[in-house]
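Following: one structure in structure tokens, then a few remarks.
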Amino acid sequence: MFLAMKELMHSKMRFLMIVIIFVLIAWLVFILSGLGNGLSTLAASTFKTMKADYVIFEEGSQSSMGKSLLSDQLMTEVELLPNVSAAAPMGTTMATALKEQSTKNEDKVDIAIIGINPGSFLEPAIIEGESLSSGNPTGVVVNSTMKDEGYNIGDIFQLDGTTESLTIIGYVENQTYNHVASVFTPMAEWRKITFAAPGSDKGVAGPVNAIMLQGKDIDPDLINSKLSNTDTVTRAAAVQGMPGYKEENGTILMMLAFLLAISAFVLGVFFYVITMQKTNQFGIMKAIGASNRFLGKAIVSQVFVLSLTSIVVGILLTYGTAAIMPKGMPFKLETSLVVTYSVILLIIAMLSSMVSVRKITKIDPLKALGRVE
Amino acid sequence: MTKGLQMSEVTKYYAEGSNRIAALDHVSISVEPGEFVAVVGPSGSGKSTFLSIAGALLKASEGDIKLNGYNISTLTAKELSNIRLQEIGFIMQSSNLVPYLNVLDQLLIVKRMSGKVKREDKEFATKLLEELGLGSKLKSLPEELSGGEKQRTAIARALINNPNIINPNIILADEPTASLDTKRAHEVVSLIAQEVKSRQKAAIMVTHDERMLEYCDKVYRMEDGKLLLAESSRSVVTHG
């Protein structure tokens, strides 16, 4: 550490350049991961924040809400199954909210209508207003982003293409589904909206898209065997089954993976070039008795200090960027995400410095004597 | 246990095409503590090979080398590194200081290589540097030093280990005056001679600067890999 720090302080410019490169890489990694996280939150936060452990879909629905149709009469059977502590039905429909019959572009808002039973564990916590009630089927609870669109509590909006109108009675936070704001309605109202066309419920009594389950050690296979025509998956699998979700995340992950692989290479080359420049110096130190371990430690601790500094600066820059990002940008940094990518970057830097360490072990101290006969 | 440096019948071959060239040809030498020995010879005579082998940097093809009683021909690379650290002080051609360490740290880094720097080490290093006239330069970087000062720092670095007379280390100097003018060269070599005497080190200086031989106890001549004792330092000076 001593040698490493002394050298850092002595050749500030040289190391500053490496730090700049590293900061840019770290910045990009954090921004990308924040965007990826923001996007997947936007796609599925309602699903992700739900206090459900398992989801029962219709068999053959590929864990997708839109492809699944069940009867809520299954509920009585489901609740009796082993390890199931609670069950609640759910339905989703994409729709467009239309403000006061307006035809202006900005007055149309895409929404996801989530039908739930008022009072069930699927109902998110209200941050403002009242919660859902069965007695007021057209009273809905909406995501707080609708405030930014100019909607207030008590406002009535029409659903485009239907005769249904809904009244906002409360707000919830961070509830989006399929990239749009979630609008929670009582189940009865959801059915009215979704199955407006006669026969669209395929004759199922009390149709719902899925039944969400709470319970720790639920055995999906057991449920599938007890209930005919069902497919039970974990909530995480249900999130993956959302249309476009896997593809979207895959794109971001691919970009991150390439970025990390390239940065490993770039940093490795930088450290290697710097080490090469010091070949003679390391030779001298080896001649006067420095062990490979001693010199290796100097390099590794130097890389560690550089990496840590760069990552911290990168994190600060990222939060700075996040602060000035436009509100609608799906950017969401989580501490756990930042820590994970910091650790990954640190490990990559350390591994890439190993190439340099290997080089040191091969330096011949004889060269330090200036000439070899 | 015998102190100093003993080499007996040391030979080093280099392959050159299909031939084998003996860079060192059955070289034997013994340097006692407190003795300052010079090795002179034309370039290509094997001086550097000799010093590299004596300094545990190069393995001999044949023969035995004993450094303060350690038979270095049987040691591993790691053990050799430790021998260089503990038993040998190198003074190299162009001082070869670490560019980003100040004069005091140049000495203490040697201590750091073998573990922690103790307060006594720091005190000893400061005292040593003061003795060598570098008392006012303790915090200076090599780039701020003159050639003579750099070489004196290198001498101090070679002396930092085993300060006690009981277990003195071995000083190997490779053309220590190569980059110095006559006045500085005399200063530096007389300083080495003085330290060798007062600290009872066994020292070998490889040089082709024959002005410096008057400071040495014995002068060896190296020619085509053979090491021969010159009659006396005087005779080399007059005839060489």
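To find a chain, count down the sequence lines: A is the first, B the second, and so on, and within it residues start at 1.
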Which atom pair, heavy atoms only, marks the closest approach of B:Arg84 to A:Ala287? CD-O, 3.1 Å

I need the A:Ile288 CD1 to B:Arg157 CZ distance, nearest 0.5 Å. 4.0 Å

Give me the contact list for residues 2-16 of chain A versus chain B, heavy atoms only, anything under 4.5 Å, ordered by residue number. A:Phe2, A:Leu3, A:Lys6, A:Glu7, A:His10

Given the options B:Asn82, B:Val110, B:Ile109, B:Leu80, which has more heavy-atom pairs under 4.5 Å with chain A than any of the others? B:Ile109

As an exercise, state the distance from CG of A:Leu366 to CG of B:Leu51, rounded to the nearest 0.5 Å. 10.0 Å

Are A:Met285 and B:Met113 packed together at the side-chain level, in the sense that at least one heavy-atom pair is separated by less than 4.5 angstrom? yes

Return all side-chain donor-acceptor pairs below 3.5 angstrom for residues 330-339 of chain A, not counting sequence neighbours, or 'none' if the list is empty.
{"residue": "A:Lys332", "atom": "NZ", "partner": "A:Glu334", "partner atom": "OE2", "Å": "3.0"}

Checking heavy atoms, do the side chain of B:Gln106, its backbone, both or neither come under 4.5 Å from chain A? neither

What distance do A:Gln281 atom CD and B:Leu97 atom CG have between them, rounded to the nearest 0.5 Å? 10.5 Å

Please flag which part of B:Ile83 lies under 4.5 Å from any non-hydrogen atom of chain A: side chain, backbone, both or neither. neither

Chain A contacts, top residue of B:Leu141, B:Asp105, B:Val98 (heavy-atom pairs, under 4.5 Å): B:Asp105

Minimum heavy-atom distance between B:Ser81 and A:Ser291, given as atom pair plus value: OG-CA, 3.7 Å

At a 4.5 Å cut-off on heavy atoms, which part of B:Ile88 comes close to chain A: side chain, backbone, both, or neither? neither

